[in-house]
There are 2 protein chains.
Amino acid sequence: MSTRRATISDVAREAGVSVSTASVVFSGKTPTSEATRARVITAAEKLGYTGPDPRAASLRRGRSGIVGVVFDQHLGTAFQDPVTTHMMDGLAEGVSRLGAALLLLRDDGETISEPSLHTAPIDAAVLIGCNTRLRDSLEIVRARGIPVVVVEGDAGSDIPRVLLDNVEAQREAARHLADLGHRDVVIVTLPLDAQRRRGWLGSDDEARVDVTVDRLSGARQVFPHAPALAAAGSSIDEGAIAGRTIFADPERRPTAVIAQSDLLAAGVIRAAEEAGLEVPRDVSVTGFDGIVVDGLAPHVLTTLVQPATAKGRAAGEAVASMLEGSRPAGLDLTCAFRAGTTTAPPRTT
Amino acid sequence: MSTRRATISDVAREAGVSVSTASVVFSGKTPTSEATRARVITAAEKLGYTGPDPRAASLRRGRSGIVGVVFDQHLGTAFQDPVTTHMMDGLAEGVSRLGAALLLLRDDGETISEPSLHTAPIDAAVLIGCNTRLRDSLEIVRARGIPVVVVEGDAGSDIPRVLLDNVEAQREAARHLADLGHRDVVIVTLPLDAQRRRGWLGSDDEARVDVTVDRLSGARQVFPHAPALAAAGSSIDEGAIAGRTIFADPERRPTAVIAQSDLLAAGVIRAAEEAGLEVPRDVSVTGFDGIVVDGLAPHVLTTLVQPATAKGRAAGEAVASMLEGSRPAGLDLTCAFRAGTTTAPPRTT
DNA sequence: TTGTAAGCGTTATCAA
DNA sequence: TTGATAACGCTTACAA
């Protein structure tokens, strides 16, 4: 078994046809007679040839059929967020018209090993996560001349991007709370930057991640002076940590909490209940994302439902059309406000 | 801007050296004088050459630096399970010594679009999920002569695989319940096959997925006649659905439930509480996986802690060593029993 | 419908 | 330390 794998020219020789004919039989790009086709197939089977070597084909064609998805954190961490997994689902679907597969790439600043963003055989890239590191990744990809789409991040005007109306959506939720009569509100934010420091914000400028910044600014339009507390990630446990901080002092409890994600909101609710508070009677809580939080029942979160799958699909389709030569405009997706059972007027004491 | 991208020979010409010299400057595989090196780098920068084209390099080298990960379900669904995401994390780490990236591939039986398992430029493959479809995927990959590792599935003796001691581990949990005095037990299983039908099992033979089969058989060694109820997936909600079925009839409530995953167990617990039962006083529940179930507190699940990340890492390392020429033996990982607060002796009525 | 021939951009080998 | 040259395996004008 030390013989090398059969190539298309082996098959052609065996079938008694030229290589180009054999090639065409496999690609189907040119009609062939049934007889030669059969001969080629038979020869291929005999030699154990399973089809063109994708490496050679991609060199020749100038396409690999692979789209890189770039994360700025551990894959495990990224996938722990349902929004990300839904987006991946949509992305997979979106690039499928291209027949492309997704290559997981992590941009951790200094990748020693290959293939990194520098060397991966990708036809296009989708950048996710969108913090400050995004710029570097973007630079690498652009230098390589690879089409790129950015999801929820500011990439400069000439890069197609898929955006959410984070500012407006979050403002709507804040407005909802204000309309209910809340004045004493605390904001729980997503991570501020790659450091993921927990704690109260001294200034809104500390937030560097676009999503965080935008949602914060939306809330600020209604509650300019509400204290903001940063979480280190988007999870129920992080929300609970923030919630415990918020509800620690009975004297200074807010009447409502604006959480920048549903997972955070679920954690805040849990912390509230631990502190003996009833939601929404004692404290109202809003989330963001509109995901199904496994384990939150019977509460129905008041939240902004974002089209996570659509976001991924849009990114995938944008990539597909760039590869087909057009320059897609960015796409702005909108979130839908959903009133749930976790908000109510503040208790009048 | 209509000029094609610069190639290494453009760079060589610009720098006044041969292509082979330019090539080694980039690969670093052969020493070069500092002077030529600098000339080449300068020329590359001037021409906007960002390094060798990965497609050409991979053709020449016979390696793409990509490892395919094959799922048998929607990516979104697969990633909803923390065990999978942890495994992906480990996998990413395991292949990193190879410097490989992960290509997400879905084997949905009949992939029309490319690149599929048939055509993706992968150096090796890791098969996950392990149901009946596994066989087909395996066949495809083997025909291509690509090294493959199977995670938690029976692939025939000559395929390296990473296995868990599902049978023994589950038996240990069952034994724990029996030792506590439980006799009236119900088993909630993971999906039986690709159909994912919910409901009571007529016969254990209905289970086709290896993990399900093994965990069932472990429980059977202690409780040969316990009724088994199949869930349609591994989630809290699926567990709750099963739990509601189990606790529907107050006359026939078991004193303990063996759930084949932690998520299912969490759902069963929720259903029990909905039915006015207290865990573990009225009913004991065991899980499997040892993941952190966001939202389960204050309960600590009695469960089998599986090394999910290690499983992925082992698979990645196995792939790496196969690519380096050796034939790794399969690896058997063991689960650790963890007694939590969700099991207790049955209530003596 | 089939064949000829020219690359695709690299890297490995070997000689200088 | 550098250079000439031959693959790597395939696809696609273009010609027959």
request  = Check whether any side-chain heavy atom of A/Phe26 sits under 4.5 Å from a side-chain heavy atom of A/Ile8, and report yes or no.
outcome  = yes

inquiry  = Using a distance-only criterion (donor-acceptor N/O pair, under 3.5 Å, no hydrogens), is the base of D/dA4 paired with the side chain of B/Ser18?
reply    = no

ask   = OP1 or OP2 of C/dT2 less than 4.0 angstrom from a side-chain nitrogen or oxygen of A/Ser33, does that happen here?
value = yes

key: hbond_proxy B/Arg60 side chain to C/dA12 base (donor-acceptor, 3.5 Å cutoff)   = no

key: A/Arg161/A/Asp210 ion pair, N-O < 4.0 Å   = no

ask   = Does A/Ser20 put a side-chain nitrogen or oxygen below 4.0 Å from OP1 or OP2 of D/dT12?
value = no

query = Counting any heavy atom closer than 4.0 Å, what does B/Val17 reach on the DNA or RNA strands: base, sugar-phosphate only, or nothing?
reply = sugar-phosphate

task = Starting from the 5' end of DNA chain D, give me the residue, A/Val19 or B/Thr21, whose nearest nucleotide shows up first.
result = B/Thr21

ask   = Any ion pair linking B/Arg55 and A/Asp123 (charged N to carboxylate O, less than 4.0 Å)?
value = yes

inquiry  = As a test of reading the structure: which of C/dG3, C/dT11, C/dT2 is closest to the side chain of B/Ala57, going by heavy atoms?
reply    = C/dT11

query = Just wondering, more than 12 heavy atoms not from B/Arg37 lying within 6.0 Å of its CZ?
reply = no

key: B/Thr36 vs D/dT2: side-chain N/O to OP1/OP2 distance below 4.0 Å   = yes

Integer-rounded Å distance: D/dG9 C1' and A/Arg63 CZ = 20 Å

inquiry  = By the 4.0 Å heavy-atom rule, please label B/Phe26 as base, sugar-phosphate, or nothing.
reply    = nothing

query = Hey, is the side chain of A/Ser23 poking within less than 4.0 Å of OP1 or OP2 on D/dT11, counting only N and O atoms?
reply = yes

